[in-house]
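Heads up: the structure comes next, in structure tokens.
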Amino acid sequence: MFDIKLIRNEAQAFDTALGRRGLEPQSANLLTLDNKRRQTVAELNEAQEKRNAVSKQIGQAKAQGDEVKAQELMAQVSELKAQVQQGEESEREQTLALNDILATLPNILSAEVPDGDNENDNVEIARFGEPKTFKFKAKEHFILGEDLGEMDFETAAKIAGSRFVVLKGQTARLERALGQYMLDFQTQENGFTEVVPPLLLRSEALFGTGQLPKFADDAFETTDGRWLLPTSEVPLTNLVRETMLNEKELPLRFSALTPCFRSEAGSAGRDTAGMIRQHQFNKVEMVAITTPQNSQAEHERMLNSAKMVLENLELPYRVMLLCSGDTGYSMTKTYDLEVWLPGQNAYREISSVSLAGDWQARRMNARYRDENGKPQFVHTLNGSGLAVGRALVAVIENYQQEDGSIAIPKILQPYMGGQKIINKIS
RNA sequence: GGAGAGGUGGCCGAGUGGUCGAAGGCGCACGCUUGGAAAGCGUGUAGGCAAGCAAUUGUCUCCAGGGUUCGAAUCCCUGUCUCUCCGCCA
């Protein structure tokens, strides 16, 4: 959501910024609506001022028992009433029309974001580890999982449909171990406060973070008008909606391990095999609420919090700075972490760490008082730390052995009761 | 699910049609006092929008949205949330 004042002052820059998102210039249309609205407001205010003044006199006349004068004044003011009502109605309509457009415009990209059309134009900015080489042909995770008898897509399809999986036994435990470890790491080492949020959410919350109104098709709506969370970014960021924070309490850092639900409406045919793209997956999310001055540094800090998970799991990865065409609608700047998957012989996204600036804060009305006591919108950030389902894929593929067993990363062994390897149990 | 009571500023709380954007208190800020602090005293202390270089002025906002009225924190309707009792329930 944008401040119309910003558009008023920097119409050209605004249109240029939207142009980077491939959008037509909007400012002319918006400013026409804005001018009309301001005119209406000015006229309305004037009518209200007159009405209020006379109404006050009526009150005084009544107080003095001067009924005649009161009647006279009431007659005088009656036509103003219609004017005020009409003005209020116009203002309502015009504000709605303006906000409808403002609510569907994407965030402005940071200057550091490179131009580009799609993920092929993302820029690699760092790399950790080397893709592992195997003496045998590396398999994909779903082959390994099915051979172990602990990853069952067929049964999942029977009870839930496509894009679901049933995990069992040691693999199920490994999934849980990954989630526990990641959440512990973010809360114990990186200063995030653990949160257990609601998984069903109101429309307002999804509007706040930007999933609504434009991306309703990507999430599941319940029969009572709520939404299954597509990511815990939504509840965690909305924790501060409609609040006035003190600068002293910032930054706030939240983390949660939750299932996420996505309809994957637009991705028919993509990643249909295996666990890469599911309707339901677990994710450890990080959210930070901070000041405009500190948000850039917070972004780097959060990126580091995500990177360290992969490094501690000893998984090779690279850091990508997303280009203009691939950066999410709500974000000014996004880093993706891509983990190496030997089975796919490719780097695949496992974390996305983004800075939203004040774009979400405006939609949520989340503010803080600065040192001068003036209310300001906070800056919000979110990142995966990490996607658990994809981390499971990465561990299985990177730690696979020739005989189909899976070694367990050192850092996870305490979470697996000391177990060091997953073998087929016949 | 049924019945009832409520939602007022950063917080608590008064206020049932007019001079109420709102008493009082707490908190906070500044000043006085003090060797320094506490206490005490004094002053100040909501946000949005519009106009203005500014001081300022107007307007809107007492959960949200509509409505009644010359005039609404106060009356009516709808929604929402909280609390109490009953029912159901992991």
Side-chain angles (χ1 to χ4, degrees), chain A residues 1-9 30-103 196-208 212-213 222-227 235 238-250 252 289 291 358 361-378:
Chain A
M1 192 78 143
F2 290 106
D3 187 356
I4 187 70
K5 278 186 279 190
L6 180 141
I7 301 168
R8 239 180 258 157
N9 296 335
L30 286 168
L31 291 180
T32 306
L33 289 170
D34 179 47
N35 282 332
K36 231 165 53 184
R37 195 188 140 268
R38 278 200 288 169
Q39 172 116 30
T40 303
V41 168
E43 285 165 8
L44 173 62
N45 279 2
E46 202 178 317
Q48 285 167 327
E49 185 181 352
K50 280 190 213 153
R51 182 202 65 189
N52 289 349
V54 180
S55 288
K56 213 167 247 185
Q57 288 176 38
I58 294 171
Q60 283 162 355
K62 290 227 176 192
Q64 288 160 12
D66 191 344
E67 200 53 42
V68 179
K69 189 174 170 200
Q71 288 299 330
E72 227 175 75
L73 289 164
M74 274 155 86
Q76 215 182 91
V77 83
S78 65
E79 79 182 58
L80 277 173
K81 191 193 167 184
Q83 231 181 72
V84 168
Q85 260 172 350
Q86 206 176 45
E88 281 174 345
E89 198 175 319
S90 309
E91 194 214 336
R92 221 176 287 147
E93 281 167 13
Q94 289 166 3
T95 303
L96 218 67
L98 189 62
N99 284 346
D100 273 356
I101 300 176
L102 289 175
V196 178
L199 308 183
L200 288 174
L201 302 165
R202 293 175 168 285
S203 300
E204 288 85 343
L206 278 87
F207 179 87
L212 291 180
T222 64
T223 52
D224 67 351
R226 278 178 252 255
W227 300 82
N238 275 280
L239 288 177
V240 296
R241 71 176 291 117
E242 292 158 49
T243 55
M244 182 72 76
L245 300 157
N246 282 319
E247 185 161 0
K248 277 178 255 167
E249 14 178 0
L250 299 176
L252 293 170
I289 313 294
T291 61
D358 66 3
R362 288 181 185 281
R363 296 167 81 94
M364 298 188 300
N365 196 22
R367 295 176 296 172
Y368 74 98
R369 275 187 204 283
D370 66 18
E371 60 219 348
N372 303 316
K374 272 210 65 142
Q376 309 282 355
F377 288 108
V378 297

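Here is how names work: the chains are called A, B, and so on, in the same order as the sequence lines, proteins then strands, and each is numbered from 1.
As a whole-Å value, the separation of A:Glu88 CD from B:rG65 P is 12 Å. Between the CG atom of A:Asn365 and the C1' atom of B:rA64 there is a distance of 13 Å, given to the nearest Å. Spacing between atom CD of A:Gln48 and atom P of B:rU59 amounts to 8 Å, rounded to whole angstrom units. Straight-line distance from the CD atom of A:Gln85 to the P atom of B:rU59: 18 Å, rounded to whole Å. Atom P of nucleotide B:rA50 and atom CZ of A:Arg37 are separated by 7 Å, given to the nearest angstrom. Rounded to whole Å, atom C1' of B:rC81 lies 13 Å from atom CZ of A:Arg241. Per the geometry, CD belonging to A:Gln86 stands 13 Å off P belonging to B:rG67, to the nearest Å. At whole-Å resolution of the value, CG in A:Leu44 and C1' in B:rA51 are 15 Å apart.
Among the protein residues, A:Ile58 comes within range of the nucleic acid bases, having at least one heavy atom under 4.0 Å from a base atom. Within 4.0 Å of A:Glu89, counting heavy atoms only, lies no atom of the nucleic acid at all. As judged by a 4.0 angstrom heavy-atom cut-off over every strand, A:Arg8 is placed among residues touching the sugar-phosphate backbone only. Counting non-hydrogen atoms under 4.0 angstrom, A:Lys50 reaches nothing in the nucleic acid.
Side-chain nitrogen and oxygen atoms of A:Arg51 include none within less than 4.0 Å of the OP1 or OP2 phosphate oxygen of B:rU69. Put simply, A:Asn52 has a side-chain N or O that comes within less than 4.0 Å of OP1 or OP2 on B:rU59. For the OP1/OP2 pair of B:rG66 and a distance below 4.0 Å, the side-chain nitrogens and oxygens of A:Arg92 include at least one atom meeting the criterion. Note on A:Lys81: a side-chain N or O is less than 4.0 Å away from OP1 or OP2 of B:rC70. For the pair A:Arg367 and B:rG10, the criterion of a side-chain N or O lying under 4.0 Å from OP1 or OP2 is not met.
When each of A:Asp34 and A:Val77 is assigned the nucleotide of RNA chain B with its nearest heavy atom, A:Asp34 is the one assigned upstream, toward the 5' end. Nearer the 5' end of RNA chain B, as judged by each residue's closest nucleotide, is the contact made by A:Ile4, out of A:Ala53 and A:Ile4.
B:rG15 and B:rC88 are spaced 39 Å apart, taking the P atom of each and rounding to whole Å. Spacing between B:rU33 and B:rG47 at atom P, rounded to whole Å, works out to 31 Å. One P atom belongs to B:rG6, the other to B:rC32, and the distance between them is 48 Å to the nearest Å. The separation of B:rU19 from B:rG4, taken at their P atoms, amounts to 34 Å, rounded to a whole angstrom. The C1' atoms of B:rC76 and B:rG9 are separated by 26 Å, rounded to the nearest whole Å. Rounded to a whole angstrom, the distance from the C1' atom of B:rA46 to that of B:rG27 is 14 Å. With both ends at atom P, the span from B:rA37 to B:rA29 equals 14 Å, rounded to whole Å. Rounded to whole Å, the separation between the C1' atoms of B:rA72 and B:rA22 comes to 13 Å.
Each of B:rU59, B:rC70, B:rA51 was ranked by its minimum atom distance to the side chain of A:Glu49; first place goes to B:rU59.
Shown here for A:Phe377 and A:Arg362, the closest heavy-atom pair between the two residues is CE1-NH1, 3.3 Å. Of all non-hydrogen atoms in A:Lys50 and A:Leu80, the two that sit nearest each other are CB-CD1, 3.7 Å. In plain terms, the two heavy atoms of A:Ala366 and A:Val240 that are nearest each other are CB-O, 3.3 Å. Closest approach of A:Leu102 to A:Phe2, counting heavy atoms only: CD1-O, 3.9 Å. For A:Gln94 against A:Arg37, the heavy-atom pair with the smallest separation is OE1-CA, 3.2 Å.
Within 6.0 Å of atom CD in A:Glu204, more than 12 heavy atoms from other residues, nucleotides or ligands are found, so the atom counts as buried in its surroundings. Counted within 6.0 Å of CD on A:Glu247, heavy atoms from surrounding residues, nucleotides or ligands total more than 12; the atom is thus considered enclosed.
Across the strands present, B:rG17 finds no partner; the criterion is a Watson-Crick or G-U wobble pair with both atom distances under 3.5 angstrom. Pair assignment for B:rG1 gives B:rC86, based on Watson-Crick or G-U wobble hydrogen-bonding distances that are each under 3.5 Å. Across every strand in view, B:rA73 sits unpaired, with no contact that passes the Watson-Crick or G-U test at under 3.5 angstrom. Pair assignment for B:rG35 gives none, since no Watson-Crick or G-U wobble pairing has each distance under 3.5 Å. Base pairing analysis places B:rG6 opposite B:rC81; the two distances defining the Watson-Crick or G-U wobble pair are each below 3.5 Å. Across every strand in view, B:rG42 sits in a pair with B:rC30 that passes the Watson-Crick or G-U test at under 3.5 angstrom. Base pairing analysis places B:rC49 opposite B:rG58; the two distances defining the Watson-Crick or G-U wobble pair are each below 3.5 Å.
Contact check for A:Arg92 versus A:Glu88: side-chain heavy atoms found under the 4.5 Å cut-off.
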